[in-house]
**Student:** 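The structure's right below; bear with me while I get my questions together.
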Protein chains: 2
Amino acid sequence: MAKYVDIAKQLKSKILKGEYTSEVPLPDQISLAVIFKTSRVTIQKALDLLINEGLIYSKQGSGTYVKQNINLLSKFDFTIDQYVGTTELMRGHTVTSDVIDYDVRLPQPKEQENLNLAFSDAVYDFYRLRIVDDVPWKMEHSIMPVKVVPGLNQGVLKHSIYRYMRADLGETIGAAYRIIRAAQPNAYDRRYLSATSDTPMLEVEQIVSLADGTPFEYSFTRNRYDEGSIVVYHPERPML
Amino acid sequence: MAKYVDIAKQLKSKILKGEYTSEVPLPDQISLAVIFKTSRVTIQKALDLLINEGLIYSKQGSGTYVKQNINLLSKFDFTIDQYVGTTELMRGHTVTSDVIDYDVRLPQPKEQENLNLAFSDAVYDFYRLRIVDDVPWKMEHSIMPVKVVPGLNQGVLKHSIYRYMRADLGETIGAAYRIIRAAQPNAYDRRYLSATSDTPMLEVEQIVSLADGTPFEYSFTRNRYDEGSIVVYHPERPML
DNA sequence: CAGTGGTCTAGACCACTAA
DNA sequence: TAGTGGTCTAGACCACTGT
């Protein structure tokens, strides 16, 4: 574990425990360097992680402060700052999956492009109804390349794909592109999520990649408008 | 302008011009340091910016590569990786605003909390219909504190608030929290955006802050489901 | 094994804030 | 003016990839 990640974890833990508040700045970077027996640059890398999570902010010439309003999330809101699957996101709840449909086939042109595949690279194509605490919650339609995620059988699908990839395949999940939109309900929404013709749906289309840049998931996830929203934090960044 | 930002801009420009492709890695960090007459750490900070924009990725022991699929955005999609107002986002199009409603009043409790205000700090409360190329596009409902954004009259509202803040007030826009959801159409949607009872709406609730952490905007922006979606990129980050 | 990115150091100077 | 964060350097060692 890199030292700056470790320091960021310790600082985050202190912030969440309320040991640093928004009243008073954190210790300055040089003091932190002394406290953690490291250099100032390493402290800055640690603080950068917390800034990117929206936990703190720095003000040149003044200090580093804890942000207020760190908690706007309601129960089924869906944070996607770092990628974890539904199973992990809903820790403390019972998450199960009904596999509605499962197929292995050749990819369509759009899938070839988004997943960077040859026309002859087979893909899984499956629908899963994600159920939280026995209540149907989201409908997922996923396309994943067989060569990138081998051994993805229905047993794995009933549980957690992400856990399987990390634990069994030893892969590290990396970046994700997401397109978020509202949509009219389709036949699956009506059948499995109790949507009617005037129930707005929230849809997330996403391409998720491994740490080395290989895309491994192209999926569409939908839920009723009253069953969850998406929370995004955007730190300040220089315009390029 | 910081050197690493400048380098990032130059590299981005080369990537967009196709001078670096996904076939061949970028020059290694030491070569880049020589080319730009700087140190390796500065090169790394520049590359970090491009990684966070999703333009490139690095693979330890191998090299730094340009990502493929850099273009999934359709005309009215709405990227929010770095914050710019609608006016700037839609460069090349004619953006105008009808001010539907304008009021100055005391803040409600939720607004006090989200904007970090005392009960006696007045806020602007206004609705704007944003019109692109003469077509009604989005309905914005904004609450902004008078003390943070003084002089926000209807003349400014007709044009660009963000331009006013940057150019006239000299402020730097910083981070933003956003909650994205689907919603049923309300009276404004029906009246101004031609929504009917079965037209799903996409709503973005956001708190935007200045660079120094002061929140200055609490707003709700809505558009029809078929008039734009939101694109988000999430780089890989260590879990804290 | 050579080449690459990831991390870390000790120190320097600058830009900005606040008293 | 003292204290703080922002940037930058020159160099070191480690972890990983690919041959």
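By convention in this document, chain letters (A, B, ...) are assigned in the order of the sequence lines, proteins followed by strands, and residues within each chain are numbered from 1.
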**Student:** Taking only the side-chain nitrogens and oxygens of B:Tyr4, find out if one of them lies under 4.0 Å from OP1 or OP2 of D:dT7.
**Tutor:**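 Looking at the OP1 and OP2 atoms of D:dT7, one of them is under 4.0 Å from a side-chain N or O of B:Tyr4.
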**Student:** Go through B:Asp48 and B:Gln44 one step at a time and tell me if the side-chain hydrogen bond (donor to acceptor under 3.5 Å, both in side chains) criterion holds.
**Tutor:** CA-CA 6 Å; B:Asp48 258 2; B:Gln44 287 176 321; over 6 Å; no
**Student:** Using atom CG of A:Leu47 as one end and atom P of D:dT7 as the other, report the distance to the nearest whole Å.
**Tutor:**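 A:Leu47 atom CG is separated from D:dT7 atom P by 13 Å.
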**Student:** What is the distance, to the nearest angstrom, from the CD atom on B:Gln44 to the P atom on C:dT9?
**Tutor:** 14 Å
**Student:** Does a nitrogen or oxygen in the side chain of B:Thr64 sit under 4.0 Å from OP1 or OP2 of C:dG5?
**Tutor:**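 Answer is yes, contact under 4.0 Å.
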**Student:** Nearest whole angstrom, please: distance from the P of D:dG6 to the CG of B:Asp48.
**Tutor:**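 So the two atoms are 15 Å apart, to the nearest Å.
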**Student:** Round to a whole Å and report the spacing from CE of B:Met1 to P of D:dG6.
**Tutor:**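 Rounding to the nearest Å, CE of B:Met1 and P of D:dG6 are 17 Å apart.
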**Student:** Just the rounded figure in Å: distance from P of C:dT4 to CD1 of B:Ile56.
**Tutor:** 16 Å
**Student:** Tell me if the aromatic rings of A:Tyr218 and A:Phe216 count as close, with their centers under 6.0 Å from one another.
**Tutor:**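 Here the rings of A:Phe216 and A:Tyr218 have centres that are no less than 6.0 Å from each other.
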**Student:** Mind calculating the distance between NZ (A:Lys45) and C1' (D:dG5) to the nearest angstrom?
**Tutor:**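 Rounded to the whole Å, the gap is 18 Å.
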**Student:** Mind calculating the distance between OH (B:Tyr57) and C1' (C:dG6) to the nearest angstrom?
**Tutor:** 17 Å
**Student:** Given C:dG5, D:dC8, D:dT7, identify the nucleotide with an atom nearest to the side chain of B:Thr42.
**Tutor:**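 In terms of side-chain proximity for B:Thr42, the closest of C:dG5, D:dC8, D:dT7 is D:dC8.
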**Student:** Which of these nucleotides, C:dG6, D:dC8, D:dG5, is closest to any side-chain atom of A:Gln29?
**Tutor:**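 Selected nucleotide: D:dG5.
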**Student:** CG of A:Asp28 versus P of D:dG6: gap in Å, rounded?
**Tutor:**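 Rounded to the whole Å, the gap is 12 Å.
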**Student:** Checking the side chain of A:Asp6 only, and the main-chain atoms of A:Lys9 only, is there a donor and an acceptor separated by less than 3.5 Å?
**Tutor:**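 The answer is no, because no donor-acceptor pair under 3.5 Å joins these two groups.
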**Student:** What string of B, S and - do you get for nucleotides 10-19 of chain C, 5' to 3', when a contact is any protein heavy atom under 4.0 Å?
**Tutor:** B-B--BBBS-
**Student:** How do A:Ala2 and B:Ile30 order along DNA chain C: which one's closest nucleotide is nearer the 5' end?
**Tutor:** B:Ile30
